[in-house]
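Just so you know, ligand 1 is whichever comes first in the structure, and atom 1 is the first atom listed for that ligand. Owing to the predicted nature of the structure, the values given are computational and were not obtained by experimental measurement. In what follows, every heavy atom counts, from backbone to side chain, and hydrogens, waters and symmetry copies are set aside.
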Amino acid sequence: MALESSRSAFERARRSVGGGVGSGLRAAMPPHPLFVREARGAYVWDLDGDRYVDYVMAWGPLVLGHGDPRVLSAVSEVATKMQVVGTGHPLEYLAAEAVLEAVPHGERLLWSNTGTEAVQVALRLARAATGRRRVLKFAKSYHGWHDTVYAGMSEDDCDRPATPGGAGQSASVLDDLVVARFNDVQLAERLLSEAVERDIAAVLVDPVMSNAGVEAPTPLFLSTLRTLCDRHGVVLVFDEVIAGFRIARGGAAEKYGVLPDLSVFGKAMAGGFTQSAVVGRADLIDQVTSGVVHAGTFNANPIALAAVTATMRVLADPAVYERLERTSSEFEALVGAVLGSSPDFGSFNRVGSLLQYVPAGGATGLHGTSGLWAVILEGMLRQGFLFMPSGKVFLSTAHTTADVEATAEALDRLLRTL
Ligand SMILES: Cc1ncc(COP(=O)(O)O)c(C=O)c1O
């Protein structure tokens with residue numbers, strides 16, 4: 001893989017697009033971001049025409065791979081009839097019914113566009129319902145880039161004033177956060193037992209730490225959060241923007257049997273189109289009819305909701321999740337075995353079709369993962385395998401056993417040269 005055209009495209013893009021790529025985190029790709037001219041199934045083709053097995057899957061949405069024909073035909077049919085209408089249309093409730101049917105605690109939903117937006121809506125609903133201000137989140141977990149939640153990104157922030165995730169963020173909203181540690185039941189118990197004094201409205205948790213190592217919750221963790229939230233009048237919000245419809249059709253609630261008050265979904269729900277939702281208790285959601293503002297010009301646009309309806313129809317087939325589980329466990333076994341040949345090579349954590357590389361003695365990170373990963377990332381790219389800077393690995397129903405076997409062989413070749 002020469003990567004030549006991507007290098008010159010990146011240089012050109014940097015002259016017109018801030019940072020050269022549409023989302024800052026994508027720039028962390030060594031030697032530079034890949035520029036793609038076509039994407040189909042499990043593959044992308046770069047500007048030179050070289051093909052890559054894609055484990056980025058657009059950072060999560062593409063559970064069905066690129067360009068699933070069932071999603072595309074639903075979108076094309078609607079796109080010729082209407083694009084965005086600024087009033088009601090049947091896909092609003094047809095898509096909502098399909099989502100609510102899949103989510104165990106799905107009584108009602110609100111449509112938004114991105115995960116970042118939907119998280120803000122969920123927190124607003126929790127504050128309105130409780131009359132409290134603060135949100136308990138877990139160190140390192142990512143809930144979008146807004147000032148209100150992109151903070152407390154380090155374990156050092158636990159039970160201390162949260163620090164902002166980046167420059168230019170407002171210090172005045174940091175006091176709205178209380179930071180706990182994922183899977184630390186005792187700390188959660190201590191902080192939530194003072195929920196009234198601490199003014200805690202919501203617990204916001206990514207149930208599988210999908211941006212910080214992919215960590216499964218311990219058997220007691222989520223159920224203890226549920227009990228504590230009930231006891232202390234706190235709204236439990238699952239951020240399932242990545243986990244939703246990926247680790248199970250009904251997301252974390254189905255997989256772990258703990259029902260939150262609200263869940264935030266995005267990514268996988270719309271098969272590659274822009275859509276997110278806050279799903280959960282009707283009494284919380286219905287506050288939008290009594291003073292809580294939820295707005296957005298492009299909310300519930302017909303094109304995205306055609307994609308949601310088609311995607312949810314495909315995801316209703318249990319064979320989808322059987323296939324995802326089979327290919328993902330093959331990846332874990334075969335590619336993981338190559339890493340297992342030396343204690344220095346690191347390993348993978350996995351929950352369903354979501355994996356993350358964990359370096360030996362190193363740390364995973366939103367912007368990039370330390371240790372050997374940068375070497376693996378570039379070495380695999382040059383052999384035709386596209387991974388993410390953070391070391392996360394997304395599989396889809398389009399990936400095959402042959403793709404996974406080829407990945408393991410390429411990684412083995414690479415590691416032997418070190
Ligand atoms: C767990 C989680 N929550 C929220 C978000 C924000 O979603 P979006 O990028 O659509 O704004 C993300 C994005 O990656 C996420 O992974």
Side-chain angles (χ1 to χ4, degrees), residues 19 21-28 55-63 110-124 126 135 137-153 165-166 169 177 182 202-217 222 236-248 251-253 255 260 262-280 296 298-301 304 307-308 311 349 351-356 364-369 388-394:
V21 270
S23 172
L25 296 178
R26 293 178 204 157
Y55 291 110
V56 174
M57 289 284 116
W59 295 52
L62 303 171
V63 169
L110 295 170
W111 294 120
S112 288
N113 297 286
T114 65
T116 300
E117 277 177 80
V119 166
Q120 301 307 307
V121 177
L123 298 184
R124 189 173 277 184
V135 172
K137 75 168 289 246
F138 296 89
K140 301 196 290 187
S141 66
Y142 180 72
H143 302 288
W145 55 268
H146 271 304
D147 293 8
T148 55
V149 287
Y150 187 48
M153 301 307 288
Q169 295 187 206
L177 289 180
F182 189 74
V203 167
L204 176 62
V205 60
D206 175 341
V208 296
M209 290 297 263
S210 43
N211 292 295
V214 179
E215 200 178 331
L222 295 179
L236 180 58
V237 183
F238 281 2
D239 179 346
E240 306 201 53
V241 169
I242 286 187
F245 311 114
R246 176 171 280 282
I247 63 170
K255 189 169 176 80
L262 297 172
S263 280
V264 180
F265 293 105
K267 304 214 185 212
M269 186 168 64
F273 289 81
T274 310
Q275 194 56 236
S276 63
V278 182
V279 179
F298 289 96
N299 287 359
N301 74 83
V308 171
T311 304
N349 282 350
V351 177
S353 59
L354 171 65
L355 296 93
Q356 183 150 12
T364 62
L366 195 60
H367 300 273
T369 280
M388 288 174 61
S390 65
K392 246 176 7 227
V393 180
F394 287 104

With heavy-atom distances below 4.0 Å as the criterion, list the atoms of ligand 1 near [X].
X: D206; answer: 1 (C)
X: D239; answer: 1 (C), 2 (C), 3 (N), 4 (C)
X: I242; answer: 16 (O)
X: T114; answer: 10 (O), 11 (O)
X: G144; answer: 4 (C), 5 (C), 6 (C)
X: N211; answer: 1 (C), 2 (C), 15 (C), 16 (O)

- Nitrogen or oxygen atoms of S210 and ligand 1 under 3.5 Å apart: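 For ligand 1, there is no N or O atom that lies under 3.5 Å from one belonging to S210.
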- Query: Does N349 use its side chain to pair, donor to acceptor, with the backbone of E215 at less than 3.5 Å?
  - Reply: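 No.
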- Between the main-chain N or O of T114 and the side-chain N or O of S276, is there a donor-acceptor pair closer than 3.5 Å?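 Pair found, side chain donor or acceptor close to backbone of T114.
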- Query: Under 6.0 Å between ring centres, would you say that holds for F265 and F245?
  - Reply: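 Under 6.0 Å, so yes.
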- Non-hydrogen atoms of T311 and A270 that approach each other most closely: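 Heavy atoms only, the tightest pair is OG1-C, 3.6 Å.
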- Taking the side chain as C-beta and beyond, is there a heavy-atom pair between M269 and E240 under 4.5 Å?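 Side chain of M269 against side chain of E240, heavy atoms only: no contact under 4.5 Å found.
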- With sequence neighbours excluded, residues passing side chain to side chain contact (heavy atoms under 4.5 Å, CB included) with A151: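 So A151 forms a side chain to side chain contact (heavy atoms under 4.5 Å, CB included) with A162, L174, L177.
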Just to confirm my output: which protein heavy-atom neighbour is closest to [atom], and how far is it?
atom: atom 11 (O) of ligand 1; result: T116 OG1, 2.5 Å
atom: atom 8 (P) of ligand 1; result: G115 N, 3.5 Å
atom: atom 14 (O) of ligand 1; result: K267 NZ, 2.9 Å

- Examine the side chains of K392 and N211 and answer whether a donor and an acceptor come within less than 3.5 Å of each other.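 A pair is found: one side chain offers a donor N or O, the other an acceptor, under 3.5 Å apart.
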- With heavy atoms under 4.0 Å as the rule, classify the contact between Y142 and ligand 1 as side chain, backbone, both or neither.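 It is both parts that get close, each with some atom under 4.0 Å.
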- Message: I'd like to check the ring pair (Phe, Tyr, Trp, His ring centres under 6.0 Å) partners of F238; sequence neighbours left out, ordered by chain and number.
- Response: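 With neighbours one apart ignored, the set is empty.
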